[in-house]
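The structure presented is a predicted model; accordingly, all values stated were derived computationally and were not measured. Count residues from 1 along the sequence. Computed from heavy atoms alone, side chains included, the values below leave out hydrogens, waters and symmetry copies. Atoms within a ligand are numbered from 1 in the order they appear, just like the ligands themselves.
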Amino acid sequence: MASLPVHESSHEFSLQELAKEFKQVVPDRYVQVDPQDSATILVSEEGSLPPSVPLIDMKDLIKMPPSKQRKTLRSICHDWGVFQVVNHGVDKLLVEKMKKEIAEFFKLPVEEKLRYKLTEGEYQGYGQTILHTQDQKVDWADRFYMITNPLHARKPHLLPEFPPVLRDTMENYMQEVQKLAMILFGLIAEAVDINKKEMEDVFKDDGMQSVRMTYYPPCPRPDQVVGLTPHSDGSGLTVLLQVNDVQGLQVKKDGVWIPVNFLPDAFVVNIGDVLEIMSNGVCKSVEHRVTVNAKKERLSFAMFFNPKLEADVGPAKSLLIGTGEQPLYRSLQMKHYLDLFFSCKLNGKTFLNKMKIIADHEA
Ligand SMILES: O=C(O)CCC(=O)C(=O)O
Ligand SMILES: [Fe+2]
């Protein structure tokens with residue numbers, strides 16, 4: 001079969017291109033409004049400000065007496081599963097450079113971006129929502145997902161083929177953010193009764209790491225589309241960078257969607273499913289989604305920290321022994337956990353339910 005001209009084939013991968021032609025209406029495959037699920041609080045019933053995602057100032061946290069530090073982290077990880085972090089130690093100039101290079105990447109001509117396009121049956125590369133069924137609705141976004149660690153797991157045509165400045169900046173950024181993530185893993189371990197070394201061994205060095213750059217084009221009908229379907233991350237921790245100061249992330253707390261207003265120089269850190277599993281349910285992975293904007297594009301960059309491919313994902317042994325608790329989640333080798341994760345359509349916390357020994361609807 002003759003290949004499609006670049007113009008047509010690009011639409012399959014690049015909503016950024018397609019959206020330029022849809023100034024008034026949204027093509028049907030992107031219309032996915034669930035009125036039941038649109039409740040976002042802007043002000044609470046009493047008219048006071050909505051609760052906001054907890055803020056962790058790393059400088060303060062490190063100085064806290066150990067018992068206060070544990071209590072603070074344990075309640076944030078349990079009650080929210082998400083926090084903003086400031087004074088995180090990642091160099092501000094590096095973060096600014098990272099933001100600039102990601103924005104530049106999405107400005108490249110579409111032919112350049114298509115060098116990295118997703119291929120059939122693959123989940124790494126540049127493209128739109130991965131379809132599990134033909135009639136599946138598509139999110140209003142272009143994404144670029146790839147595995148970055150361990151090095152041998154990298155796809156040679158992705159990061160290694162990036163424009164050199166983007167590649168070098170990303171390498172430096174990932175190294176710095178990894179240091180922050182390892183500190184957080186250690187502190188969270190202590191807060192939820194997991195042996196610190198057991199936790200660190202799972203994530204350090206050859207821990208599987210991946211990134212996702214996302215571009216949300218402006219949308220003529222933001223009320224009809226979803227930028228990113230509600231989901232929890234499959235990772236241990238995710239460190240999110242909002243690239244261009246346009247808000248849109250929302251997290252679900254007690255059944256209500258709460259907007260996250262990224263503070264200047266802050267990262268948003270999500271607890272992912274792996275930490276919920278390892279902590280035997282003490283940490284809760286946060287369900288989140290992204291809304292889009294009528295006038296402005298939005299860009300984000302997520303870095304996911306996962307266990308080593310050979311490690312078992314399951315409730316931590318030190319926690320089960322120390323507390324005498326029964327495991328509430330199954331154990332699965334990380335490589336099989338990943339296959340299972342990518343075989344499922346993103347859909348709230350349904351994936352995590354598959355890892356529960358007694359799934360929620362059976363309980
Ligand atoms: O765009 C965002 O702020 C969130 C991105 C996200 O949740 C993800 O990539 O998993
Ligand atoms: Fe996410």
**Asked** For D233, what is the atom name of its N, O or S atom nearest to the Fe ion (ligand 2)?
**Response**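 The atom in question is OD1.
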**Prompt:** With respect to Y329, which candidate in K356, K354, E276 satisfies the side chain to side chain donor-acceptor pair (under 3.5 Å) definition?
**Reply:**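 Between Y329 and the candidates, side chain to side chain donor-acceptor pair (under 3.5 Å) is satisfied uniquely by E276.
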**Prompt:** With a 4.0 Å cut-off, would you call D28 and K137 a salt bridge?
**Reply:** yes
**Asked** Is any side-chain N of the basic residue among D201 and K197 closer than 4.0 Å to the acidic one's carboxylate O?
**Response**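 Salt bridge flag = yes for K197 with D201.
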**Request:** Decide whether the shortest distance between a heavy atom of Y145 and an atom of ligand 1 is less than 4.0 Å.
**Result:** no
**Request:** Give a yes/no on ligand 1: does H231 have at least one heavy atom closer than 4.0 angstrom to it?
**Result:** yes
Tell me: protein heavy atom nearest [atom], and distance?
{"atom": "atom 8 (C) of ligand 1", "value": "R212 NH2, 3.5 Å"}
{"atom": "atom 3 (O) of ligand 1", "value": "R298 NH2, 3.0 Å"}
{"atom": "atom 6 (C) of ligand 1", "value": "L228 CD2, 3.3 Å"}

**Item:** Any N/O pair D233/ligand 1 closer than 3.5 Å
**Value:** yes
**Message:** Heavy-atom distances under 4.0 Å decide this one: backbone, side chain, both or neither, for H288 against ligand 1?
**Reply:** side chain
**Request:** Any atoms of ligand 1 less than 4.0 Å from a non-hydrogen atom of V290? List them with their elements.
**Result:**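 Selected atoms, number and element: 1 (O), 2 (C), 4 (C).
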**Request:** Pull out every atom of ligand 1 sitting under 4.0 Å from any heavy atom of F304, numbered as shown with elements.
**Result:**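 This gives 9 (O), 10 (O) as the contact atoms.
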**Item:** More than 12 heavy atoms of other groups within 6.0 Å of K155 NZ
**Value:** no
**Item:** More than 12 heavy atoms of other groups within 6.0 Å of K345 NZ
**Value:**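 Yes - once you tally the heavy atoms of other residues, nucleotides and ligands closer than 6.0 Å, there are more than 12.
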**Closest approach of I271 to C283 (non-hydrogen atoms, all atoms of both residues)** =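 Here I271 and C283 meet closest at CG2-CB, 3.9 Å.
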**Request:** Please report the shortest heavy-atom distance between L299 and A103, naming the atom on each side.
**Result:**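 Distance-wise, the nearest heavy atoms are CD2-CA, 4.0 Å.
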**Request:** Only heavy atoms count here, so choose which of L240, T214, N270 is nearest to atom 4 (C) of ligand 1.
**Result:** L240
**Asked** Parallel, tilted or perpendicular for Y126 and F144, by the 30°/60° rule?
**Response**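 Judged by the thresholds at 30° and 60°, the geometry between Y126 and F144 is tilted.
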